[in-house]
Amino acid sequence: MNFFDLVSDYVKRVPLGRVSTYGQIAALAGSPRSARAVGWALHRLPTEKLRYVPWHRVVNREGRVSTTCLEHTGFDQVRLLKKEGIRVKYIDGNYFVDLRKYLWEP
DNA sequence: CTTATGACTTTCA
DNA sequence: CTGAAAGCCATAA
């Protein structure tokens, strides 16, 4: 199984109403220091996989939505997070999630 | 094989 | 506390 599919599989396991971090997914995938690769995988995620891969529930270590697409798609995905009951804070053009409460712990 | 890139993380000044 | 730099992993060219 590729790292790509592995990451996708773990992201799919994130329960609704919870969020995860790139480092966490990377650790689950077998490489705790491949957070950047995880980010790459999610960025390069095919449209068909977006249907069942809740990538919007994956944020960085600070709980910030690091998507470079914050100005367009990021807004829609954050909207989904709010729809799932996750309280998203909008600070200085960036979206933040309270990891202390919403972080997924497998 | 070498170089470059990225939705990251940690460390140091 | 803030900001900059280096480190690390996987993939593309």
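Below, chain A is the first sequence line, B the second, and so on; all start at residue 1. The analysis underlying the following values was restricted to heavy atoms, covering all of them including side chains, and did not include hydrogens, waters or symmetry mates.
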Self-check item: Of A:Arg44 and A:Ala35, the one whose closest DNA chain C nucleotide lies more 5'
Solution: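 Comparing both residues, the 5'-ward one is A:Ala35.
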Just the rounded figure in Å: distance from [atom2] of [N] to [atom1] of [X].
X       : N      : atom1 : atom2 : result
A:Trp40 : C:dA12 : CH2   : P     : 5 Å
A:Leu42 : C:dT11 : CG    : P     : 13 Å
A:Asn2  : C:dA10 : CG    : C1'   : 11 Å
A:Arg33 : B:dG6  : CZ    : P     : 24 Å
A:Gln24 : C:dC9  : CD    : P     : 17 Å
A:Leu45 : B:dG6  : CG    : C1'   : 15 Å
A:Arg64 : C:dT2  : CZ    : P     : 14 Å
A:Asn60 : B:dC8  : CG    : P     : 7 Å

Among B:dT10, C:dA10, B:dA7, which nucleotide sits nearest the side chain of A:His43?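 Comparing B:dT10, C:dA10, B:dA7 against the side chain of A:His43, the answer is B:dA7.
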Look at the side chain of A:Arg36 against the base of C:dC8 and say whether a donor-acceptor pair falls under 3.5 Å; ignore hydrogens and angles.
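A donor-acceptor contact between them is present.
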Around atom NZ of A:Lys12, are there more than 12 heavy atoms from other residues, nucleotides or ligands closer than 6.0 Å?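 Counting other residues, nucleotides and ligands, NZ of A:Lys12 exceeds 12 neighbours.
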Counting only side-chain N and O atoms of A:Ser34, is one of them less than 4.0 Å from OP1 or OP2 of C:dC8?
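Looking at the OP1 and OP2 atoms of C:dC8, neither is under 4.0 Å from any side-chain N or O of A:Ser34.
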*Phosphate oxygens OP1/OP2 of B:dC8: is one of them under 4.0 Å from a side-chain N or O of A:Thr21?*
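Answer is no, no contact under 4.0 Å.
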>> One thing to verify: whether A:Lys49 and A:Asp5 come together as a salt bridge, which I'm taking to mean a side-chain N less than 4.0 angstrom from a carboxylate O.
In response: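 A:Lys49 and A:Asp5: salt-bridged.
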Answer with base, sugar-phosphate or nothing: what part of the nucleic acid does A:Phe3 contact at a heavy-atom distance below 4.0 Å?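 Result for A:Phe3 = sugar-phosphate.
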Nearest heavy atom decides the nucleotide; on that basis, is A:Gly23 or A:Ala37 closer to the 5' end of DNA chain B?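 Its nucleotide being nearer the 5' end, the pick is A:Ala37.
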Would you check if the side chain of A:Tyr10 reaches a backbone N or O of A:Leu28 as a donor-acceptor pair within less than 3.5 Å?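 Pair found, side chain donor or acceptor close to backbone of A:Leu28.
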field: Point-to-point distance, once rounded to the nearest 0.5 Å, from CZ of A:Arg13 to CD1 of A:Ile25
entry: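 Spacing of CZ (A:Arg13) from CD1 (A:Ile25) equals 10.0 Å.
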Relative to the ring of A:Phe75, is the ring of A:Tyr95 parallel (under 30°), tilted (30 to 60°) or perpendicular (over 60°)?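 Tilted.
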